[in-house]
Amino acid sequence: MLDDQENKQHQILKTIIDKELQEIDEEMATLDNSDIATVIEFHTKHGIRDAEERRDENGTTELEFPYDTSDELKKSMNALLLNLEVLLQYFYRACYFGTAEEQNTYRNNILAILE
């Protein structure tokens with residue numbers, strides 16, 4: 001059974017993952033990939049590099065927390081969120097340039113964090 005701290009972390013993860021995946025899904029539904037492929041390629045290349053650097057240096061995540069999240073809770077979740085941030089960047093790139101299998105794999109890896 002989850003204790004209160006774990007339950008709060010789980011709810012924050014769910015909120016962050018839901019928001020990030022929804023933003024990617026909305027963008028994919030409204031954009032023509034061929035028109036912006038160069039911009040997206042540049043963005044994802046640098047996004048992945050930056051997220052991997054923050055993860056490798058145990059930096060601070062750039063994911064947005066729900067408004068009332070305590071600093072203590074943010075700090076305790078930072079390593080997990082840095083890994084999530086990298087996975088989100090790979091998923092975003094796969095949505096534009098990857099196969100359907102790659103997209104499904106990254107989405108499933110992201111959702112597996114909730115389990």
Side-chain angles (χ1 to χ4, degrees):
M1 174 154 241
L2 296 176
D3 66 19
D4 191 44
Q5 177 85 352
E6 289 173 331
N7 192 36
K8 286 180 184 176
Q9 288 182 354
H10 187 267
Q11 287 302 317
I12 288 169
L13 277 174
K14 182 170 180 1
T15 300
I16 289 170
I17 289 170
D18 287 347
K19 178 184 168 293
E20 294 291 331
L21 290 178
Q22 180 181 0
E23 287 179 4
I24 291 171
D25 288 344
E26 287 173 1
E27 185 171 336
M28 291 303 298
T30 60
L31 295 177
D32 177 0
N33 295 358
S34 63
D35 291 342
I36 61 166
T38 303
V39 173
I40 296 299
E41 186 174 20
F42 177 85
H43 174 73
T44 58
K45 178 180 176 182
H46 289 83
I48 289 169
R49 181 201 64 204
D50 294 347
E52 286 177 338
E53 283 178 6
R54 280 192 304 282
R55 181 194 60 198
D56 295 346
E57 296 170 2
N58 197 29
T60 303
T61 185
E62 290 187 354
L63 293 173
E64 295 178 32
F65 285 87
Y67 176 70
D68 59 349
T69 306
S70 71
D71 289 339
E72 179 182 321
L73 197 49
K74 289 178 187 178
K75 187 175 181 180
S76 71
M77 297 177 67
N78 194 60
L80 176 63
L81 293 174
L82 287 167
N83 285 326
L84 172 60
E85 192 174 346
V86 170
L87 278 173
L88 285 164
Q89 289 291 333
Y90 278 108
F91 176 64
Y92 186 63
R93 184 176 67 185
C95 285
Y96 281 95
F97 305 111
T99 64
E101 183 179 343
E102 289 171 321
Q103 292 172 27
N104 288 333
T105 298
Y106 285 122
R107 183 182 284 272
N108 290 338
N109 287 343
I110 290 165
L111 294 174
I113 291 173
L114 293 173
E115 295 178 8

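Along the sequence shown, residues carry numbers from 1.
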Would a 4.5 Å heavy-atom cut-off, applied to side chains only, mark [X] and [Y] as touching?
X: I24; Y: F91; value: yes
X: L13; Y: L81; value: yes
X: L111; Y: L21; value: yes

Could you tell me the separation between the [atom1] atom of [X] and the [atom2] atom of [Y], rounded to the nearest 0.5 Å?
X: L84; Y: E20; atom1: CG; atom2: CD; result: 7.5 Å
X: Q89; Y: K45; atom1: CD; atom2: NZ; result: 14.0 Å
X: N83; Y: I110; atom1: CG; atom2: CD1; result: 11.5 Å
X: L73; Y: I12; atom1: CG; atom2: CD1; result: 4.0 Å
X: N78; Y: K75; atom1: CG; atom2: NZ; result: 9.5 Å

Among residues at least two apart in sequence or on other chains, which ones pass side chain to side chain donor-acceptor pair (under 3.5 Å) with [X]?
X: S76; result: Q9
X: Y90; result: E52
X: Q22; result: E26

How would you list, by chain and number, every residue that makes a salt bridge (charged side-chain N to carboxylate O under 4.0 Å, His left out) with [X], sequence neighbours excluded?
X: K19; value: E23, E64
X: E53; value: none
X: D18; value: K14

Q103 versus G98, closest heavy-atom pair with distance: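 Heavy-atom minimum between the residues: NE2-O, 3.7 Å.
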Shortest non-hydrogen contact between P66 and I16, atoms and distance: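 Shortest heavy-atom separation between P66 and I16 comes out as CD-CG1, 4.4 Å.
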How would you list all residue pairs meeting salt bridge (charged side-chain N to carboxylate O under 4.0 Å, His left out) that involve residues 106-115, not counting sequence neighbours?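 Of all non-adjacent pairs touching residues 106-115, those that pass salt bridge (charged side-chain N to carboxylate O under 4.0 Å, His left out) are D25-R107.
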Tell me, please, which residues at least two apart from K74 pass side-chain contact (heavy atoms from CB on, under 4.5 Å).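 So K74 forms a side-chain contact (heavy atoms from CB on, under 4.5 Å) with F65, T69, D71.
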Donor-acceptor list for residues 55-62 side chains, cut-off 3.5 Å, not counting sequence neighbours:
{"unit_1": "T61", "atom_1": "OG1", "unit_2": "L63", "atom_2": "N", "d": "3.2"}
{"unit_1": "T61", "atom_1": "OG1", "unit_2": "E85", "atom_2": "OE1", "d": "2.8"}
{"unit_1": "E62", "atom_1": "OE2", "unit_2": "R54", "atom_2": "NH1", "d": "3.4"}

V86 with L88, same ILVMFWY side-chain cluster at under 4.5 Å: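 Yes: a chain of side-chain contacts under 4.5 Å links V86 to L88.
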